[in-house]
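Here the structure is laid out as structure tokens; the discussion comes afterwards.
The first residue of the sequence shown is numbered 1, and numbering continues consecutively from there.
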Amino acid sequence: GHTNNAGVAMLAYTASITNKSLTVKVYYDDSPTGVGKTTRAITSLCRQPCKALFITERKNAFDELEGEVRRISAQLGKRPPLIRRVHSDPANRGGSVVEEIEALPERYAGCSHLIVIATHAALLRSNFSDFTGWRIVIDEVPAFLDFEEKRTHLDASFFERHYALEHVIGRWHAITLTDAGHGITAAEVRADQSHAHLGVFHARVIEASRPGAKRVVLSNLADWQEMADRKVQWCWASVFSLRELAAFDRVELLGNRFRSDIGSILADWLEVEEVGWEALPSLTSARRFEHRPLTIHYFFDRPASKSLFATDQGKAALAAIGQHLATVLPQAHSIWTANDTAEPGTPTPKALLGLPENDYLTPRQAGTNRHMGVSHAAAIYSAKPSANLRGLLTALKLDPAIWTRSVEFETILQFVTRTSVRDPANGTPVHLWVFDREQATYLKDYFDTLPHVAATMSHLPLGVGLVRAAQGGRPVIVLTPEEQERRKADRRKLDAERKRRKRAA
């Protein structure tokens with residue numbers, strides 16, 4: 001396990017507000033990708049009548065999952081279960097999906113065999129207290145962390161009126177509702193156009209303010225007035241508790257290297273002794289895989305990051321990568337991905353690469369077999385923790401590198417393993433491209449565990465130099481509360497020194 005005894009003050013606070021009488025048994029399958037974790041779980045759900053939630057990362061996977069349920073049912077000679085889908089509409093910020101999920105037990109009380117397919121987002125936002133008698137399978141484990149960064153310099157008085165802060169550890173404070181805060185619902189916040197972005201935040205604080213709450217909502221602001229500085233970007237965070245799944249008859253999580261994933265580690269940190277983990281027998285494919293060579297190409301020793309991608313040298317690097325990939329990726333026979341967000345008015349990494357749109361996929365493609373016919377894949381992607389998130393992980397005594405490994409490296413791994421490397425009969429040489437050496441090393445370490453793959457790494461210099469970011473230069477225009485406090489402390493120190501010299505003169 002990954003439980004540690006650090007963050008004692010945080011744990012003590014959590015224990016003081018949490019009902020710890022519920023112990024959850026969690027079965028987990030951390031077999032490698034492509035060996036049939038999802039198939040085994042669906043087979044179990046189809047073999048005997050049951051009611052189950054099947055949680056997947058993306059709603060794009062729903063068609064494929066439903067097809068697999070019907071295929072396996074036919075293979076077993078069984079009538080397929082009733083299949084329903086639930087997914088959120090981005091326009092209402094998840095409001096309706098929560099209501100639909102929470103209505104399932106009553107709506108299908110008379111149904112004996114049912115599989116409801118929903119997303120990670122639905123999982124992290126729903127109340128499952130009425131799901132006694134149901135099973136839940138979570139395919140590819142979410143990070144179990146709600147985390148948002150905000151710049152709300154005009155809203156200090158709104159927060160001061162509606163939310164209370166209670167010190168926990170370091171700069172981190174627990175957020176609960178004031179009397180005024182209890183007077184507004186999450187739906188009312190979502191309906192207010194100037195505060196709709198706080199819909200999830202307010203719902204989380206409502207949950208954290210109830211007697212016997214299972215959630216804690218944290219902020220790195222010590223006082224709401226700190227947000228009044230327009231340069232300050234603060235954050236709030238809330239960790240999902242696996243005890244929220246205690247009503248289910250069986251909880252099953254599927255994920256490559258699951259126990260080293262940030263989701264599992266955060267769950268361990270919060271739960272302490274409250275989760276009983278049981279590993280399912282590790283799967284190895286019953287089919288014989290053709291041997292195949294696999295080459296992992298990387299471009300730079302400097303690690304990828306969104307901040308690097310936003311610099312002039314990062315943009316030049318991405319353009320050079322795009323020009324190279326355009327010559328080596330066979331159109332209509334390859335897949336590629338890249339970050340598709342950037343600061344307003346600046347081109348995205350995806351746009352800077354300039355590769356064919358028809359071959360582009362979003363980074364998160366876990367669980368799909370649709371691309372097993374391609375043997376070329378590029379993932380020019382980064383998901384490093386922000387300064388605020390690093391601060392939270394450090395307060396929890398967790399190495400921020402764990403986040404990078406679980407969120408960035410594992411996303412890249414899941415993407416590139418959608419290719420022919422998962423097809424037993426396809427011995428075609430596989431070529432993969434990533435931005436940096438650390439990403440390439442992570443992939444090689446994984447592929448070295450597969451007996452049918454002979455993996456090598458290849459460095460591709462592009463003639464574009466990436467130097468470490470220089471100190472100084474343009475002023476920082478967005479600060480964490482900690483950085484702002486350090487700036488103020490430095491100014492006070494300089495001012496005191498200036499006054500001392502003036503007196504000495």
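- Screening residues 383-407 for ring pair (Phe, Tyr, Trp, His ring centres under 6.0 Å) gives no qualifying pairs among residues at least two apart or on separate chains.
- At a threshold of 4.5 Å between non-hydrogen side-chain atoms, the residues Thr39 and Glu68 count as touching.
- Among the candidates Glu408, Lys306, Gln439, the single residue satisfying the side chain to side chain donor-acceptor pair (under 3.5 Å) test with Ser382 is Glu408.
- To the nearest 0.5 angstrom, Ile380 atom CD1 is 12.0 Å from Leu352 atom CG.
- Across Leu329 and His376, no two heavy atoms sit closer than the pair CD2-CB, 4.1 Å.
- Atom CD of Glu278 is surrounded by more than 12 heavy atoms from other residues, nucleotides or ligands within 6.0 Å.
- Using a 30° and 60° split on the angle between ring planes, His431 and His297 fall in the parallel class, below 30°.
- Remark: the Glu149 side chain and the Ser386 side chain contain an N/O donor-acceptor pair separated by less than 3.5 Å.
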Problem - Worked check of side chain to side chain contact (heavy atoms under 4.5 Å, CB included) between Glu226 and Trp234 - result: CA-CA 9 Å; Glu226 291 179 8; Trp234 63 281; over 6 Å; no
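- Contact annotation: the side chain of His324 approaches that of Phe299 to within less than 4.5 Å [non-hydrogen atoms, C-beta and beyond].
- Summarising the geometry of Ala41 relative to Glu252, their closest heavy-atom pair is CB-OE2, 3.8 Å, with the distance given to 0.1 Å.
- Remark: the Asn369 side chain and the Arg422 side chain contain an N/O donor-acceptor pair separated by less than 3.5 Å.
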Exercise for the section: Walk me through it: do Glu438 and Arg405 pass the test salt bridge (Lys or Arg N to Asp or Glu O under 4.0 Å)? Expected result: CA-CA 10 Å; Glu438 289 182 357; Arg405 186 181 71 217; over 6 Å; no
Handout entry: Verdict with supporting geometry, Val98 and Ser126, side chain to side chain contact (heavy atoms under 4.5 Å, CB included)
Key = CA-CA 5 Å; Val98 170; Ser126 300; 4.2 Å; yes
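- Judged by distance alone, with hydrogens and angles left aside, the side-chain atoms of Asn339 form no donor-acceptor pair with the main-chain N or O of Thr341 at under 3.5 Å.
- The line from CG of Leu432 to NZ of Lys444 is 13.0 Å long, rounded to the nearest 0.5 Å.
- Within the model, atoms CD of Gln233 and NZ of Lys231 stand 14.0 Å from one another, a figure rounded to the nearest 0.5 Å.
- At a cut-off of 3.5 Å, with distance as the only test, no side-chain donor of Thr295 or Ser458 sits close to an acceptor on the other residue.
- Contact of the Val416 side chain with the Val430 side chain is not registered, since no non-hydrogen atoms from C-beta on lie closer than 4.5 Å.
- Between Phe54 and Val69 the shortest side-chain heavy-atom distance does not fall below 4.5 Å.
- A distance of 6.0 Å or more separates the ring centres of Trp433 and Tyr298.
- Looking at heavy atoms from C-beta onward, Arg390 lies out of side-chain contact with Lys384 at the 4.5 angstrom threshold.
- Taking each heavy atom of Tyr446 and Thr449 in turn, the nearest pair found is O-OG1, 2.5 Å.
- Look at Glu148 and Arg204 and you find no salt bridge, because none of the NZ, NE, NH1 or NH2 atoms lies under 4.0 Å from a carboxylate O.
- For the pair His371/Leu361, a side-chain contact is recorded, criterion being any heavy-atom separation below 4.5 Å from C-beta on.
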Practice task
Test Ile136 against Ile55 for side chain to side chain contact (heavy atoms under 4.5 Å, CB included), laying out the working first.
Solution key: CA-CA 7 Å; Ile136 184 168; Ile55 305 295; 4.0 Å; yes
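- Across all their heavy atoms, Cys235 and Asn220 have their closest contact at N-OD1, 3.1 Å.
- From Ile175, atom CD1 reaches atom NE2 of His202 across 12.0 Å, with rounding to the nearest 0.5 Å.
- No close placement of the Phe159 and Trp236 rings is indicated, their centers lying 6.0 Å or farther apart.
- Looking at every heavy atom in both residues, Ala304 comes nearest to Tyr381 through CB-O, 4.0 Å.
- Just one residue in the list Leu253, Ile138, Leu245 forms a side chain to side chain contact (heavy atoms under 4.5 Å, CB included) with Val26, and that residue is Leu253.
- Using bins of under 30°, 30° to 60° and over 60° for the plane-to-plane angle, the ring pair Phe309/Phe435 lands in the perpendicular bin.
- Note that CG of Leu53 is 5.5 Å distant from CD1 of Ile101, once rounded to the nearest 0.5 Å.
- Under 3.5 Å, the side chains of His195 and Asp155 contain a donor-acceptor pair of N or O atoms.
- Counted within 6.0 Å of NE2 on His153, heavy atoms from surrounding residues, nucleotides or ligands total more than 12; the atom is thus considered enclosed.
- With contacts defined as side-chain heavy-atom distances shorter than 4.5 Å, the pair Arg437/Met457 qualifies.
- Looking at Pro281 and Arg40, their side chains come closer than 4.5 Å, going by heavy atoms from C-beta outward.
- Although no hydrogens or angles enter the test, the distance criterion places no donor-acceptor pair under 3.5 Å between the side chain of His291 and the main chain of Phe289.
- Side-chain atoms of Asp359 never come within 3.5 Å of backbone atoms of Ile335 as a donor-acceptor pair (strictly under, hydrogens ignored).
- To the nearest 0.5 Å, the span separating CD1 on Ile72 from OG1 on Thr43 amounts to 3.5 Å.
- Between the Arg292 side chain and the Ser420 main chain, a donor and an acceptor come within less than 3.5 Å of each other.
- Between the side chains of Thr56 and Glu140, no donor-acceptor pair is found at a separation under 3.5 Å.
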Exercise for the section: Test Asn388 against Leu392 for side chain to side chain contact (heavy atoms under 4.5 Å, CB included), laying out the working first. Expected result: CA-CA 6 Å; Asn388 277 323; Leu392 173 63; over 6 Å; no
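- Shortest non-hydrogen contact noted between Phe415 and Ala377 is CE2-CB, 4.3 Å.
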